[in-house]
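First up is the structure itself, then whatever we jot down about it.
The sequence lines fix the lettering, A, B, ..., with proteins before strands; numbering per chain opens at 1. Keep in mind that what you see is a predicted model, and the values were worked out from it rather than measured.
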Number of protein chains: 2
Amino acid sequence: MKITIADVAQKAKVSKTTVSRIINGNYAHTTEETKQKVLRAIEELEYRPNALAQGLKATKTNVIGMILSNLKNPFWSTVLEGIEDTCRASGYHLMIFNSNENELVEKELIKEFKTRRVDGIIIHPTCKDQLIYDRLIEEKHPLVIINRRVDNPMATGVVVDNVKGAYIAVNHLLKYGRTGVAVAVFQNPYVSTWKERVEGYKKAMLANGYAEEQCKILELEEGKPQIEPIKRWIKRNSDVDAIFSTNTTVTLEVIGALKDMGKQIPHEIAIVSYDETIWSKYIDPPLTTIKQPGYVMGQQAAQCLIDQIETKEMLEPQMNVLVPELIIRASCGAIPQD
Amino acid sequence: MKITIADVAQKAKVSKTTVSRIINGNYAHTTEETKQKVLRAIEELEYRPNALAQGLKATKTNVIGMILSNLKNPFWSTVLEGIEDTCRASGYHLMIFNSNENELVEKELIKEFKTRRVDGIIIHPTCKDQLIYDRLIEEKHPLVIINRRVDNPMATGVVVDNVKGAYIAVNHLLKYGRTGVAVAVFQNPYVSTWKERVEGYKKAMLANGYAEEQCKILELEEGKPQIEPIKRWIKRNSDVDAIFSTNTTVTLEVIGALKDMGKQIPHEIAIVSYDETIWSKYIDPPLTTIKQPGYVMGQQAAQCLIDQIETKEMLEPQMNVLVPELIIRASCGAIPQD
DNA sequence: CTCATTTTAGAAATCGTTAAACAAAAAAAC
DNA sequence: GTTTTTTTGTTTAACGATTTCTAAAATGAG
């Protein structure tokens with residue numbers, strides 16, 4: 001049988017009101033003596049208030065809902081760390097749901113969060129149908145969009161400058177002396193990060209004197225092995241001597257294909273990969289990567305959300321843009337000085 | 001203003017009870033006509049029941065709490081997938097907390113879960129103080145221990161046979177022809193997995209004719225770079241020609257140290273590493289690993305817990321033991337046939 | 001010593017939902 | 001045509017906490 005506030009009240013021979021006041025640090029209406037009596041009763045009965053009842057009364061749960069699309073990507077564990085640390089510091093707890101990049105699931109999960117009356121939501125969006133986000137924003141539901149962009153200009157969020165990241169990566173490949181630089185990317189026109197990284201690729205190509213038609217885009221299908229398609233593509237495009245790979249999964253597929261074909265990295269084909277991981281420097285060859293500030297991203301997202309929750313008036317929408325960083329290793333080493 | 005069941009009742013011109021019955025699929029007491037009226041009202045008002053109120057009334061939240069110790073270890077994303085899929089199939093949602101291997105934090109998080117009235121808890125235990133687990137078990141709180149063992153024989157859980165995994169790994173190194181096999185492990189006598197892996201190491205050594213004194217244990221400190229300590233240790237123990245590394249983090253440190261020293265893997269020192277990851281085969285050299293069935297582990301843990309939650313009588317405690325698997329790659333290749 | 005004021009504590013209403021008990025109307029049985 | 005049964009729906013009381021309003025005791029002023 002669960003201990004309730006009434007049990008504590010009875011044991012301490014006071015009213016529920018008094019117990020409630022003491023729990024919530026409202027000692028103005030109590031003598032030291034009753035306070036001690038009540039605290040002792042709480043201690044002895046090991047009373048813990050029922051968060052459901054508290055939440056119901058206060059319409060506040062101290063829970064933040066997070067929807068991410070793919071827990072497997074190790075990038076998220078860093079982001080989550082930032083979110084968790086920030087939440088903990090302000091007394092919030094995190095409820096993490098996984099949409100698996102599935103639009104329908106994401107919609108269901110948002111409903112579930114509403115049902116559970118979470119105080120705010122952080123979303124890594126997968127939906128093409130932007131209406132869902134519009135609705136949340138319109139309802140003034142505390143919301144932070146993370147990593148990917150949504151159309152609504154009133155959205156608050158934290159993203160990384162993917163155009164810039166891609167630009168740095170491709171520029172490095174070109175300055176390294178490569179003339180046939182391709183980009184490998186998952187084929188999904190609705191994901192802003194992929195779009196931006198291809199955009200950054202093109203921007204760097206044009207800035208280095210290449211024409212739009214000289215851009216080589218290797219589009220891959222998500223969710224199944226891509227080694228064979230990649231091999232076929234590379235055979236068809238024999239002038240490719242460098243690949244900018246737009247995420248970790250793609251990178252592994254590309255490396256797998258190149259090893260299969262016996263291609264030397266970086267001698268025959270150089271690689272720069274998006275996302276730095278603990279493994280990057282131990283790969284054969286060690287990978288040159290674009291490192292995103294995941295922890296900071298998490299921190300900022302959580303803090304934005306908490307500010308929204310705890311501020312009465314509507315906050316100005318803000319879009320924090322973080323800057324990625326190039327980490328140079330053997331898969332496309334230092335730029336030769338001439 | 002939030003829509004409540006009373007608003008729906010008013011709009012459909014019926015009582016709250018009727019609405020409640022229809023929401024919960026209890027149509028025995030309603031005509032088709034009222035049912036349609038109510039459903040239409042729910043639709044129009046976009047009514048969503050308040051899970052807090054429901055949970056309060058039913059003393060059931062459909063939430064499962066999970067405490068893990070380190071989200072960064074990619075092994076957990078696989079386990080979580082298994083847990084999530086199983087939970088979703090039975091209508092449960094997951095609340096994930098992170099203890100960061102901190103005993104005090106873990107205790108707090110358990111309290112938090114009790115406060116929030118989660119239906120059950122899955123714990124990856126970090127506590128030396130086993131009393132906490134004893135208490136939960138005694139209180140018949142639905143609980144599943146995952147990956148690590150606790151002392152209490154009444155605990156239900158899912159673990160991998162670490163003694164066996166380590167035995168297979170070390171045996172492989174010995175059969176490969178190595179005579180100076182060491183084990184690299186984090187120094188923490190309270191973590192059952194580490195203990196068992198060292199035990200499996202010793203068992204394999206003894207079974208292959210080595211004496212207890214010939215066992216070489218490289219103990220590492222968690223949480224700080226260990227490359228220098230490893231280098232010093234290897235210099236002191238020049239007869240070491242193989243290392244069984246007991247987890248991913250340790251493996252990276254060991255490889256880092258060996259590369260620093262210019263040691264050839266596997267020619268000078270062969271490696272078998274615990275935990276298969278998506279990266280393992282792309283490392284230089286590709287790693288021979290012990291693969292744990294993470295997804296199944298998650299599935300079984302979640303299913304055990306749900307069974308406990310949904311069964312009225314007390315279930316027999318059960319400890320599922322899963323079997324790990326050796327994946328052979330270049331860091332300690334196929335056993336030479338003679 | 002009386003009346004006003006402050007301090008301390010309690011009773012009752014409330015949050016949104018569900019379930020048991022109850023009432024009314026309709027259908028069936030005699 | 002009355003009684004019994006069935007169907008349909010409502011009233012009311014929980015669930016466990018908080019908070020407003022109210023009351024009693026203690027203190028102080030005159």
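- Distance NZ (Lys35(A)) to P (dT8(C)): 13 Å, rounded to an integer number of Å.
- Look at Glu33(A) and Lys37(A) and you find no salt bridge, because none of the NZ, NE, NH1 or NH2 atoms lies under 4.0 Å from a carboxylate O.
- In this structure, Ile23(A) atom CD1 and dG16(D) atom C1' are separated by 11 Å, rounded to whole Å.
- Straight-line distance from the CG atom of Leu52(B) to the P atom of dT18(D): 14 Å, rounded to whole Å.
- The CG-P distance, from Asp7(A) to dC15(D), rounds to 11 Å in whole Å.
- Sorted by first and then second residue, the pairs that involve residues 64-73 of chain A and meet salt bridge (Lys or Arg N to Asp or Glu O under 4.0 Å), not counting sequence neighbours, are Lys72(A)-Glu81(B).
- Asn50(B) has no side-chain polar atom (N or O) that falls below the 4.0 Å cut-off from OP1 or OP2 of dC15(C).
- With sequence neighbours excluded, the residues forming a side chain to side chain donor-acceptor pair (under 3.5 Å) with Ser15(B) are Thr18(B), listed by chain and number.
- Atom-to-atom, CD of Glu32(A) to P of dT7(C) comes out at 17 Å; the value is rounded to the nearest Å.
- Within residues 108-117 of chain A, no residue places a heavy atom under 4.0 Å from DNA chain C.
- Tyr27(A) comes within contact range of no nucleotide atom at all, as no heavy-atom separation falls under 4.0 Å.
- Between Asp7(B) and Lys2(B) there is no salt bridge, since no side-chain N of the basic residue sits under 4.0 Å from a carboxylate O of the acidic one.
- Looking at residues two or more places apart in sequence or on another chain, you find a salt bridge (charged side-chain N to carboxylate O under 4.0 Å, His left out) between Asp119(B) and Lys60(B).
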Base, backbone or nothing for each nucleotide of nucleotides 9-14 of chain C, written B, S, -, heavy atoms under 4.0 angstrom, 5' to 3'? BBBB-B
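- Considering only side-chain N and O atoms, Gln54(A) lies under 4.0 angstrom from the phosphate OP1 or OP2 of dT18(D).
- Rounded to whole Å, atom C1' of dT10(D) lies 16 Å from atom CD of Gln10(B).
- Residues that satisfy the salt bridge (charged side-chain N to carboxylate O under 4.0 Å, His left out) test with Glu44(B), not counting sequence neighbours, are Lys11(B).
- Residues passing the salt bridge (charged side-chain N to carboxylate O under 4.0 Å, His left out) test with Lys114(B), sequence neighbours excluded: Glu139(B).
- In this entry the distance linking CD1 of Ile22(B) with C1' of dA19(C) reads 16 Å, nearest Å.
- Residues satisfying the side chain to side chain donor-acceptor pair (under 3.5 Å) criterion with Thr30(A), sequence neighbours excluded, are absent altogether.
- Spacing between atom CG of Asn24(B) and atom C1' of dG9(D) amounts to 16 Å, rounded to whole angstrom units.
- Checked against ring-ring contact (aromatic ring centres under 6.0 Å, His included), Trp194(A) has no partners two or more places apart in sequence or in another chain.
- Looking at residues two or more places apart in sequence or on another chain, you find a ring-ring contact (aromatic ring centres under 6.0 Å, His included) between Phe97(B) and His93(A), Phe113(B).
- Axis angle across the helix from dC1(C)-dG30(D) to dC30(C)-dG1(D), with five pairs used at each end and values rounded to 10°: 60°.
- Here Arg148(B) pairs with Glu101(B) under the salt bridge (charged side-chain N to carboxylate O under 4.0 Å, His left out) rule; sequence neighbours left out.
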